[in-house]
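Down below is the structure, laid out as structure tokens.
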Amino acid sequence: MTKVKTRFAPSPTGYMHIGNLRTALYAYLTAKSQGGDFILRIEDTDQDRKVEGAVQVIYDTLKIAGLKNDEGPDCGGSNGPYVQSERLPIYREYAQKLVDQGDAYYCFCTKERLAQLHEEQEDPNFKGRHGYDGHCRNLPKEEVDALLAAGTPYVIRQKVPQTGTTAYHDVVFGDVSVNNAELQDIVLIKADGFPTYNFAHVVDDHLMEVTHVTRGSEYVAQTPSYILIYRAFGWEHPTYIHLPLIMGKDAEGNVSKLSKRHGAVSFQDMMQDGYLPEAVINYIALLGWNPKTDEEMFTLAELEKRFTPEAINKSPAIFDYEKLLWFNGQYIRKLSPEEFYEKALPFIRQAVKNESYDCRKIAALLQQRLEKLTQIPGQLGFFDELPAYETDIHVNKKSKATLETAPVALAKSIETLETLEDWTNEKLYFALKEVADGLGFKANTVMWAVRIAATGTVVTPGGATDILEILGKEESLRRLKDGLSRF
RNA sequence: GGCCUCAUCGUCUAGCGGUUAGGACACGGCCCUUUCAAGGCCGCGGCAUGGGUUCGAGUCCCAUUGAGGUCACCA
């Protein structure tokens, strides 16, 4: 049995769309779950869409996501080069072979003619087949030679049979068959000498011994064209695994292919937005695949063991940012305190400039109540400076805190805390508890008053004593006195 | 428009002829609690419609409807 080999073949656009990443993930998992190899190939055949640094983005994304490729431009391999623009002679040779055996032909139609054709077909009164009309399909050899000799620009088109049907079996979609009459004489080699995706990927997948092609379902209907190319060469085609598309839902409830209007859609954007790569991977793995059990927390390593292409489902899935957020919160909590501290520190520093505060303690408070890293700065505003606040936030029904209890609680707390030597969370808690007992208040009533005076903020990460500890004795008492003076 | 494909709670999904249609997110409530979270418990909510096949259909067949994809010298 031949070794399973899958590939991820993105074109370097400068960013990694989340749908693309998911395709890479599934290709990777298809290979790894069967002990196979995963290769990376750069499809840069569109000269007009070249983007500086775009290939690096692909390398970086795969690295951060943990999808290590066994072959590729970055790590070599025995089937290189792995960048299509470096394989031009190969495509040319194979295209010529197709022309020679009558499965492809030179087409000299100008873009103007094609545009005009397109316009005619757009007319509602137009009946008949859309697409290329086969104008150059049967040009006499002498004419072709003459045009070639004269240096006329040309493309090479596939010559598809006009009758019969072409069918294949898809791991996800089952048997798919298309009437050849529906197929176009697609362009194989463009006028600039570069191959189209349609041609290049077939040649490469064969030469690179790819056994399973994993890609988006937008290719389902076009795959018969590719099968025909394989057949023309006498090659066996790979197994196809077409993936359901990832959709997005906009504010009006309209569903369409996931795009910028739905939120952050590139992997880089998501990282910047404070998501963890592990959470993104876990979430997108479940968009179109599931283990047939109720489990849903999976590391990449676990996915490598559990994944089966057969369990991929057919219908498009809507990307749900809410659920991703939940996954992210789960992964944040799974981090060790040290790991979390490292990730959180830059965000803490955005809000907390005062270096006397212990950021490790702040991080510890944050870790249990966070969904994404970018939420950090917004929760820490009160550390550097007590925000302006109205005394009526001292009122809280559940804590039985009122404008009357607050000054009493504060006065007594200040008095008690001034003599407190050991300024730790635990000691602070006991001290304030005693204050409450002495006053005949609920502990909550005192805690509320203290926390409000210390932070001027209704919702804070951590309770009153957590924050007092971090603020330190001097600053805490200053704030508490300030709070009391407002009554 | 032609062709292809898909269809279970709002969302992601399990189900593969006989189930009180299960889980997760979100939402609501309760518990816990030093605010808010986190965590625990409970709840709300679904088989697109119409025909068949069958003793019996979410599960099989057909139609309808809806949705998506594709018809580029983009991938």
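We name chains A, B, ... by the order of the sequence lines, and we start the count at 1 in each one.
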field: Qualifying ring pair (Phe, Tyr, Trp, His ring centres under 6.0 Å) pairs, either residue in residues 160-179 of chain A, two or more places apart
entry: A:Tyr168-A:Tyr240
query: Would a line drawn from the ring center of A:Phe340 to the ring center of A:Tyr331 be shorter than 6.0 Å?
result: no
message: Measure CD/A:Glu182 against P/B:G2 and give the value in whole Å, please.
response: 11 Å
task: Looking only at side-chain atoms of A:Ala464, point me to the closest of B:U34, B:C4, B:A38.
output: B:U34
query: Which listed nucleotide (B:C25, B:A7, B:U35) is nearest to the side chain of A:Trp326?
result: B:C25
- request: Rounded to the nearest angstrom, tell me the gap between atom OH in A:Tyr283 and atom P in B:A26.
  value: 12 Å
task: Tell me which nucleotide among B:U35, B:U34, B:U13 gets nearest to the side chain of A:Arg451.
output: B:U35
query: Taking any strand in view, what nucleotide pairs with B:C27 in a Watson-Crick or G-U wobble way, both distances under 3.5 Å?
result: B:G43
message: Can you tell me which nucleotide in B:G39, B:G15, B:G10 comes closest to the side chain of A:Gln330?
response: B:G39
field: Nearest heavy atoms of A:Ser259 and A:Val265, plus distance in Å
entry: O-CG1, 3.4 Å
- request: Report the base-pairing partner of B:U20 (Watson-Crick or G-U wobble, both distances below 3.5 angstrom), or none.
  value: none
task: Name the pairing partner of B:C3, where a pair is Watson-Crick or G-U wobble with both distances under 3.5 Å, or state none.
output: B:G69
query: Could you go step by step and tell me if A:Asn180 and A:Thr166 meet the side chain to side chain donor-acceptor pair (under 3.5 Å) rule?
result: CA-CA 6 Å; A:Asn180 292 342; A:Thr166 301; 2.5 Å; yes
- request: Consider the side chain of A:Ser399, meaning its heavy atoms from C-beta on, and name the nucleotide among B:U35, B:G39, B:G69 that approaches it most closely.
  value: B:U35
field: Pair partner, B:G58 [Watson-Crick or wobble, under 3.5 Å]
entry: none
query: Hey, do the aromatic rings of A:Tyr26 and A:Trp289 have their centres closer than 6.0 Å?
result: no
- prompt: Hey, would you say the A:Tyr321 and A:His262 ring centroids sit under 6.0 Å apart?
  reply: no
- request: Assess whether one donor atom and one acceptor atom, taken from the side chain of A:Lys323 and the base of B:A26, lie less than 3.5 Å apart.
  value: no
Are any protein N/O atoms closer than 3.5 Å to N/O atoms in nucleotides 73-75 of chain B? If there are, list each pair with its distance.
| residue | atom | partner | partner atom | Å |
| --- | --- | --- | --- | --- |
| B:C73 | O2 | A:Ala191 | N | 2.8 |
| B:C73 | N4 | A:Cys109 | O | 3.2 |
| B:C74 | OP2 | A:Lys190 | NZ | 2.8 |
| B:C74 | O2' | A:Asp46 | OD2 | 3.3 |
| B:C74 | O2' | A:Arg49 | NH2 | 2.9 |
| B:A75 | OP1 | A:Thr45 | OG1 | 2.7 |
| B:A75 | OP1 | A:Asp46 | N | 3.4 |
| B:A75 | OP1 | A:Lys190 | NZ | 2.6 |
| B:A75 | OP2 | A:Tyr197 | N | 3.2 |
| B:A75 | O3' | A:Glu43 | OE1 | 3.0 |
| B:A75 | N6 | A:Gln222 | OE1 | 2.9 |
| B:A75 | N3 | A:Tyr219 | OH | 2.8 |

- prompt: Is there a stack between A:Tyr429 and B:U34, judged by ring centres under 5.5 Å and planes under 30°?
  reply: yes
message: Quick check for you: among B:G23, B:U35, B:C4, whose closest atom lies nearest to any side-chain atom of A:Asp294?
response: B:G23
- prompt: Across all strands, who's sitting opposite B:U35 as a Watson-Crick or G-U wobble pair, both distances under 3.5 Å?
  reply: none
- prompt: CH2 of A:Trp326 to CD of A:Glu296: how many Å apart, nearest 0.5 Å?
  reply: 4.5 Å
field: Between B:G2 and B:C55 - P atom distance, rounded Å
entry: 39 Å
message: If you only use heavy atoms from C-beta on, which nucleotide in B:U35, B:C6, B:A14 is closest to the side chain of A:Asn290?
response: B:A14
message: Whole angstroms only, please: what is the CG-C1' distance between A:Asn180 and B:C3?
response: 13 Å
task: Test for a donor-acceptor pair under 3.5 Å between the base of B:U5 and the side chain of A:Ser217, counting only N and O atoms.
output: no
